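Let me begin by presenting the structure, written as structure tokens, before commenting on it.
Treat the numbers as computed from the prediction; the structure is a model and nothing was measured. Along the sequence shown, the residues carry numbers beginning at 1.
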Amino acid sequence: MLLLRRILPLSSFILESTSSFSASNSLTISFKKFSTMSTTPKTSNLNAGAQGQAPASKGSQGNENENNRYEVVERGQLHTLNYRLYFRDVQTKLIVSPFHDIPLVNEQYSSSNQNQGTTIYNMVVEVPRWTNAKLEINKQLKMNPLVQDVKNGKPRFVHNVFPYHGYLWNYGALPQTWEDPNHVDEDTKTTGDNDPLDVCEIGTVLHSTGSIVPVKIVGVLGLIDEGETDWKLIGVDIRDKLASKINDINDVETQLPGLLEATRRWFKYYKVPTGKPPNKFALNEKYGDRAYAQHVIGETRKYWEKLASGETKVDQKVCSIVNTTLNNRGTIKKEDAEKIVEADEKHQKEPAKLDSSVHQLSYVQDE
């Protein structure tokens, strides 16, 4: 179910399967070649967490971040409400906002001979594949650190909807984009969710929280989550072994059969275990192709520009525009940004122990 290009202005092989139904309706499947997804983060010094959980929710080190430009600064204790993960530019020594200061476009990879003609974006990884601690860019706090979402006064973990544990991809966001809650999208007929654009990175490597990954965007799913537009971009790390083979949404099914349907099902039902109804989708539940995804990025980039400049008025308690690099009304001095970080609790290296319920499976009947 793929949505073909809409005409709009824009500012190791893998599993192959053949299947057939016999006269008795039994399904026979033959497997040819396959590749595996990594279950170990690129960085080797991540905490394994408690009770045998997959390594995750730990800030990455420099070699995971865009051109070694950024490092993470952690405060508080992981899996508690006081955890904060800030970013520092190692060249300027400035604390930077992953929402406002980190560039949307990765200029180095976009301009390389291998990728000429393809725009490569910086993705801020919030949640590694197979984990379920809902870490995210916090829009309200100054300098927008990554924090764990809160539900019922406790750190939020998404339910493990059978047969998956946590997220199916490295999950994160594109900086310098914003889904305007004041704008009604012409295709979804709903307003934006007041967040940066979400990205599902589908490559073979597990990226840790806080990584800044150069991604090629190949498609988009139009999720309507609790009545709000919540686009889910599909992207692949440009350094991944599959990147040269995945250039548009159709290639995803060829190289990673079943992933697109699993992704749609995951987003449809992931809140059902909390008592909420299944989510809906725009575009007749079809995926938008690469060109459509580029249009979505272009639109949300414009909304962010108006937000960051102050043209779009939003209460700072709802969405902070504090930054250190944009030289606008939200820009603060280096020392003031440092004070924001230092005001938080000192970092505890050992994560908080998790309740065993975090790993329980939920079963959902498809509609």
Side-chain angles (χ1 to χ4, degrees), residues 1-6 8 10 14-15 35 37-38 104-106 109-110 115 118-130 164 166-175 177 179 185 187-188 193 195-207 211-225 229-268 270 279 281-301:
M1 299 173 67
L2 307 175
L3 184 75
L4 299 180
R5 178 171 181 171
R6 164 171 93 165
L8 284 168
L10 291 178
I14 155 99
L15 176 67
S35 69
M37 293 285 188
S38 173
L104 169 61
V105 175
N106 187 303
Y109 283 97
S110 294
N115 301 314
T118 301
T119 302
I120 306 302
Y121 300 97
N122 287 318
M123 170 190 175
V124 180
V125 176
E126 298 164 320
V127 187
R129 180 189 290 118
W130 307 138
Y164 311 111
Y167 288 73
L168 313 188
W169 348 259
N170 298 302
Y171 187 74
L174 291 189
T177 63
E179 298 193 62
D185 186 273
D187 287 331
T188 68
D193 70 346
D195 279 330
L197 277 177
D198 295 320
V199 185
C200 301
E201 194 282 314
I202 60 174
T204 58
V205 174
L206 180 63
H207 293 295
S211 302
I212 300 175
V213 176
V215 293
K216 173 171 56 177
I217 300 300
V218 298
V220 64
L221 181 64
L223 177 68
I224 300 176
D225 194 341
T229 299
D230 190 5
W231 295 107
K232 303 299 181 183
L233 296 169
I234 307 299
V236 59
D237 184 342
I238 195 63
R239 305 162 299 182
D240 196 270
K241 63 184 181 181
L242 291 179
S244 63
K245 301 175 182 178
I246 299 178
N247 295 297
D248 212 323
I249 195 67
N250 295 284
D251 300 325
V252 178
E253 183 62 25
T254 301
Q255 300 298 322
L256 301 170
L259 180 59
L260 292 180
E261 183 55 38
T263 295
R264 183 167 29 231
R265 183 180 185 273
W266 193 94
F267 280 116
K268 185 172 185 176
Y270 82 108
N279 280 322
F281 299 93
L283 312 178
N284 296 318
E285 297 198 5
K286 298 176 182 177
Y287 281 86
D289 66 1
R290 179 177 175 175
Y292 192 99
Q294 296 297 326
H295 166 71
V296 171
I297 294 171
E299 288 291 297
T300 55
R301 168 68 175 197

Quick one: salt bridge (Lys or Arg N to Asp or Glu O under 4.0 Å) partners of [X], sequence neighbours excluded?
| X | result |
| --- | --- |
| Asp185 | none |
| Asp195 | Lys139 |
| Lys232 | Asp198, Asp230 |

Check side chain to side chain donor-acceptor pair (under 3.5 Å) between Thr118 and all other residues, then give those that pass, not counting sequence neighbours. Arg290
Evaluate the side-chain proximity of [Y] to [X]: yes if any heavy-atom separation is below 4.5 Å, no if none is.
| X | Y | value |
| --- | --- | --- |
| Ile202 | Val252 | yes |
| Tyr287 | Val218 | no |
| Leu174 | Pro196 | no |
| Met123 | Ile212 | no |
| Thr119 | Ile297 | no |
| Trp231 | Leu197 | yes |
| Leu242 | Leu256 | yes |
| Tyr109 | Lys216 | no |

Taken in chain and number order and not counting sequence neighbours, the residues that satisfy ring-ring contact (aromatic ring centres under 6.0 Å, His included) with Phe281 are none
Taken in chain and number order and not counting sequence neighbours, the residues that satisfy ring-ring contact (aromatic ring centres under 6.0 Å, His included) with Tyr121 are none
Which heavy atom of Leu104 sits nearest a heavy atom of Arg301, and at what distance? CB-NH1, 3.7 Å
Grab the two heavy atoms, one from Asn170 and one from Val205, that are nearest each other, plus how far apart they are. ND2-O, 2.8 Å
Any idea how Trp169 and Trp266 line up, ring-wise: parallel (<30°), tilted (30 to 60°), or perpendicular (>60°)? perpendicular
